[in-house]
Amino acid sequence: MMNYDFQKIEAKWQKYWAENETFKASNDSDKPKFYALSMFPYPSGAGLHVGHPLGYIATDIYSRYKRHKGFNVLHPMGYDSFGLPAEQYAIQTGQHPAITTEKNINRYREQLDQLGFSFDWSREVRTSNPQYYKWTQWIFIQLFNAWYNKKSDKAENISSLISIFEKEGNANVEATCDDDTPSFSAADWNAFSEKEKQEILLKYRLTYLADTEVNWCPALGTVLANDEIVNGVSERGGHPVVRKKMTQWSMRITAYAQRLLDGLDKIDWPQPLKDSQTNWIGRSVGASVTFNVLDAERNRSDEDVISTSLNHLDQIEVFTTRPDTIFGVSFMTLAPEHELVAKITTPEQKAEVEAYVEATAKRSERDRMADVKTISGVFTGAYAEHPFTKEPIPIWIGDYVLASYGTGAVMAVPCGDQRDYDFAKHYNIAIPNIFEGVDISQEAFADKETTVIANSDFLNGLSYKDAMKKIIVELEKIGHGEGKVNYRLRDAVFSRQRYWGEPFPVYYVDGMPQMIDLEHLPLQLPEVEKYLPTETGEPPLGNATEWAWDTDKNEVVSNDLIDHKTVFPLELNTMPGWAGSSQYFNRYMDPRNDDAIFSPEAINYWQDVDLYIGGSEHATGHLLYSRFWQKFMFDMGYVPKDEFAQKLINQGMITGTSAFVYRVAQRPDVFVSKDVFDKHEDLETFKRIQAFTGVSVANLSFDAIRVDVDFVNSSDELDVIKFRNWQPEFKHAKFIEEDGLVKVFREIEKMSKSKYNVVNPDAICEEYGADSLRLYEMFLGPLEQSKPWNTAGITGVHSFLKKLWKLYTNGSLSGVEAEPTAENLKTLHKTIKKVEEDIENFSFNTSVSTFMICVNELTSQKCTSKAVLEPLAILVSPYAPHIAEELWERLGNIGSIAEAPFPKFEEKFLVESSKEYPISFNGKMRFKLELPLDMSKDDIEAAVLAHEKTKEQLQGRDPKKVIVVPGKIVNIVG
RNA sequence: GCCUUGGUGGCGGAACUGGUAGACGCGCUGGAUUCAAAAUCCAGUUCCUUCGGGAGUGAGGGUUCGAUUCCCUCCCAAGGUACCA
């Protein structure tokens, strides 16, 4: 008998698959198609850790399963290779990001290869590859050349808009456009200069330039994400951050808000993910209401009025979901960033308002949303006029109102909204009650169902629903508002002040953006000396000396040649991380095509992704933007489906088990074993620590110091020699031990290099093999849930593979071959049934248990039948493909097992004639009784009641009730 | 704060539409084999127990003949919250 030599077997089959292109997918096949996709990784410098392959293994199992089921399977892989870490590294070391990226990709590829995935590597894509980003630039141009026609409810080419403008101006155009788009007639349009026309069109294009508020860090010369800001300063370096407006490219995703919402009903995605997207889009129905701002002069005192100012031009627009409560308004609150704040604030309030605005600029939006306990705000001194009562309403500013949501202003109705209520209470503002029969002395009343409006003029006595209808009519009548559907979704900012991203195919003529023609793409990233922003605060591309567009030669030329006649400056921003990932799934269908993003044949054959597996953290980023671009591509007729992935599964995170050792705070060279620490309050131990350290009773305290998990064994014992050699500060570490050992304590955290808890797959593959790792990753628990990694447990699945190997080498392969017994077949078919159900339900963990049970049973049955072992090899093959291939071959088959048809389950082998009934008393199982399955309910009851153990349980009591569920259970109440 | 997910032995987890709680594996204990170790095999392993039995799925309550599963309240942990990927 030969041993299970996994290293040899795995290397052999990986080579075989590569040489025979076993998993190369054809774009032309009679078989039904199946497109299985894993989210492609960002190739980080740290390499893959055991958490990364989890989803890939799941997708791989499903792909292989579908291949056994007769499908033509597309299962590609690539790299999302633009990104910040490579750029940071470049800033620190001066190494070109392309070089480090290439290196990281090669490392990833090695690691992926050794796991035995069935990827079609001939279709690999890299988002940072110019042949790839040519098409990212192309999509950008398509978006630039499109507008959203609300009448046809789809995106159209900008030319259709121009022809409308030429004929009738924009009065009848219903489009998603900027708020400040002016009205004009055909005559106006035709009289506009070319630049004016371009300016107008920019307000309609699906990608456009706009001033957007960002977190600007002057010291770093860059914009920061909310999570890069801690307590108002940059996480890196602790520099001040301010909110500031910047001109940036934006994507008009808001045009698609409703369709993105509606589309969720058509796709089989996890409900939590759909909920995230639904909340993100945030549809709410209500009304937009405008309030006139009373003239500041008149506000103060009538005598001071200099001019009878008709200066009512300042208006505050609010969006409210409760316009029915408009007579309950007792103040208004503006976001501190609101553009009117500076204008309307009275001189008396100026200092206070400015201080508040400044303080708010330092707080992050998330902070402001999360903090509901602190109520803060400042009165501006100005008043607005109630559109119906004409009463003056004080205007406040408060940081609970966010500039980015709605209009950045709210009409505060304290009796109907808890936040307004708390604010009013805090600042002693009136809380008029406009609800019939409701006590608002303690809290606001927000229940729409039972609302009856009072003290509200023409709304009195109406329900919420009726009042809503009425008020909207009245608002429209007086020209102070209208019914409106509002979305929380904002247009997506598409510019990044970074180097390592796609350059925009854009140059500027007279300040207006111009697109470079497709035939001249890709516009390649220029070389720069430094990857930092320029001294004048321009993005890193501002460092490039060759970054101008020659419209005669159609090529990039030196900046010195810019003459604004034929040579123009190029855009300095780059595209964000999500640009390259928003259509990559379609590019895989035809990745080497240089003439088109994909051929019509390819897209028509593959259509869309059947199964997409990836992390839930992409819920509102990648997955929303991709859906948006897909819908756009659909509108333009490039793709046949307006949703790109039919089914999506989120794999859970594999968490790491970090290790910590206690250190005496006053003696940084002294470390304490966990079991010593645990009893450090006992007098004896305390004295021991004191004697060792010389630290007095009052001062003694401990820090937790992170330790690399590589220095700790499975019994939590620290290798002190490795620890001392780890970092200079630990060189002379002393330990207070227990039984000669230093123990660490553990904590479950996200797996990350900075937490020193990363486990790499390489060493595991070396020691146990890829098949063991694949099985173990699945065996850990349900795919969707997060679960902690513990390498020690892998011995279980590894010895299962050894048992599997033994079953074949002791059986069929040893020449002793037998007809299958009824028992053999029962075990086999039970396994087929369960495994098939499990794969269909993505319950891969329970399949592994099922295999274990199957092999245990067949081993004890001493099964040697090829008729059983052959189908079993196919069942195992999606999970542990290398060993399955080897066994398949040794059973006498030629070629790969990959295309072998999946075994067919047959019920007839599982038919039973009796059942061991659990007999329970008041719901608790007390004993078991074997009874025929065809026994009638009454006979079962009689048989159970006659049983001596029943009498024992009842102890003379009469049963009150006997529940018999045939084939399931008997329950006796009494 | 808000949205989402989860909480079952020492650990990872299983339990189909409410029907035997703890499958399978790790770890641990004992034994076999061995000069010894590794490997392998066998038995045991939720807790308490007066060895009859009793309790038990984050806590408390409810519905039910019967609840890990359904409902209500609460506690704890993780993920997301618009420029990390």
Side-chain angles (χ1 to χ4, degrees), chain A residues 3 39 41-42 44 80 82-85 88 214-215 222-228 235 248 270-273 275-276 278-280 365-373 400 404 419 488-490 492-498 576-578 581 615-622 624 650 652-653 655 657 714-715 748-750 776 779-782 784-790 792-797 799-800 802-803 806 834 837 841 843 845-846 848-853 856 916-928 952 959-963 965 967-974:
Chain A
N3 282 327
M39 288 183 187
Y42 173 78
S44 80
D80 187 13
F82 272 133
L84 214 44
Q88 292 295 356
V214 294
N215 300 313
T222 190
V223 174
L224 298 177
N226 278 338
D227 62 41
E228 290 175 299
E235 195 181 22
Q248 308 204 60
Q271 194 54 44
L273 197 156
D275 291 347
S276 287
T278 304
N279 293 335
W280 191 265
E365 281 202 358
R366 195 181 304 171
D367 206 33
R368 285 162 61 179
M369 281 187 283
D371 186 7
V372 293
K373 283 179 197 128
Y400 75 101
S404 55
R419 276 174 316 177
R488 199 178 76 103
L489 184 72
R490 313 200 286 253
V493 180
F494 200 67
S495 297
R496 298 291 183 271
Q497 296 69 47
R498 303 258 152 76
W578 55 270
S581 59
S616 60
E617 64 275 21
H618 299 286
T620 49
H622 163 58
L624 194 66
N650 290 131
M653 198 177 32
T655 47
T657 324
S714 54
S715 310
I748 306 284
E749 294 180 298
K750 201 167 177 166
Y776 188 52
F779 188 60
L780 278 180
E784 298 94 327
Q785 271 169 38
S786 82
K787 51 241 159 194
W789 180 265
N790 176 13
I794 200 171
T795 53
V797 292
S799 59
F800 156 73
K802 283 197 268 190
K803 281 183 207 163
K806 225 189 231 169
K834 176 80 173 129
E837 279 170 9
N841 294 320
S843 174
N845 54 326
T846 49
V848 181
S849 307
T850 306
F851 289 137
M852 289 173 172
I853 294 166
N856 288 346
E916 195 179 35
Y917 278 90
I919 312 301
S920 47
F921 292 79
N922 300 318
K924 288 232 172 263
M925 200 278 290
R926 295 304 175 197
F927 67 93
K928 289 175 189 169
E952 210 174 277
K960 286 198 195 99
K961 205 172 177 184
V962 179
I963 285 117
V965 185
K968 284 254 160 108
I969 200 173
V970 178
N971 189 23
I972 298 163
V973 188

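Throughout, a chain's letter reflects where its sequence line sits, starting with A, and its residues are numbered from 1. Since the model is a prediction, treat every value here as computed from it, not as a measurement.
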Any strand: nucleotide that pairs with [N] via Watson-Crick or wobble, under 3.5 Å:
N	value
B/rU73	B/rA59
B/rC11	B/rG25
B/rG1	B/rU81
B/rC41	B/rG31
B/rC65	B/rG19

Measure from the side chain of [X], starting at C-beta and using heavy atoms only, and say which of [options] lies closest.
X	options	value
A/K961	B/rU40, B/rU4, B/rC65	B/rC65
A/W280	B/rU81, B/rG13, B/rU5	B/rU81
A/K968	B/rC83, B/rG25, B/rC16	B/rC16
A/P85	B/rC83, B/rG12, B/rA85	B/rA85
A/K803	B/rG79, B/rG25, B/rG13	B/rG25
A/Y42	B/rA85, B/rC65, B/rG13	B/rA85
A/M925	B/rC65, B/rA21, B/rA14	B/rA21
A/T795	B/rG6, B/rG27, B/rC24	B/rG27
A/I969	B/rU20, B/rU4, B/rA82	B/rU20
A/V965	B/rG13, B/rG19, B/rG56	B/rG19

Next on the checklist: Between A/S849 and A/T846, does the side-chain hydrogen bond (donor to acceptor under 3.5 Å, both in side chains) criterion hold? Intermediate values first, please.
Outcome noted: CA-CA 5 Å; A/S849 307; A/T846 49; over 6 Å; no
Checklist entry - Is there a donor and acceptor pair closer than 3.5 Å between the side chain of A/N971 and the base of B/rC65? => result yes
Checklist entry - Considering only heavy atoms and no angle criterion, is a donor-acceptor pair shorter than 3.5 Å present between the side chain of A/Q88 and the base of B/rC84? => result no
Item to check | Ring centers of A/W578, A/F82 separated by less than 6.0 Å | outcome: no
Next on the checklist: Can you check the distance between B/rU57 and B/rA21, where both ends of the measurement are the P atom (answer in whole Å)?
Outcome noted: 12 Å
Next on the checklist: Work out how far the C1' atom of B/rC35 is from that of B/rG30, and round it to whole angstrom.
Outcome noted: 22 Å
Determine the contact category for [X]: base if any of its heavy atoms lies under 4.0 Å from a base atom, sugar-phosphate if only primed atoms, P, OP1 or OP2 are that close, otherwise nothing.
X	answer
A/K802	sugar-phosphate
A/S495	base
A/V973	sugar-phosphate
A/L273	nothing
A/L224	sugar-phosphate
A/S276	nothing
A/P41	nothing
A/N215	nothing
A/R926	sugar-phosphate

Next on the checklist: Parallel, tilted or perpendicular, judged at 30° and 60°: which one describes the rings of A/F779 and A/Y776?
Outcome noted: tilted
Is there a side-chain polar atom (N or O) of [X] under 4.0 Å from OP1 or OP2 of [N]?
X	N	value
A/N845	B/rA14	yes
A/K928	B/rU20	no
A/N279	B/rA82	no

Checklist entry - Any sub-3.5 Å donor-acceptor pair from A/R488's side-chain atoms to A/N279's backbone N or O? => result yes
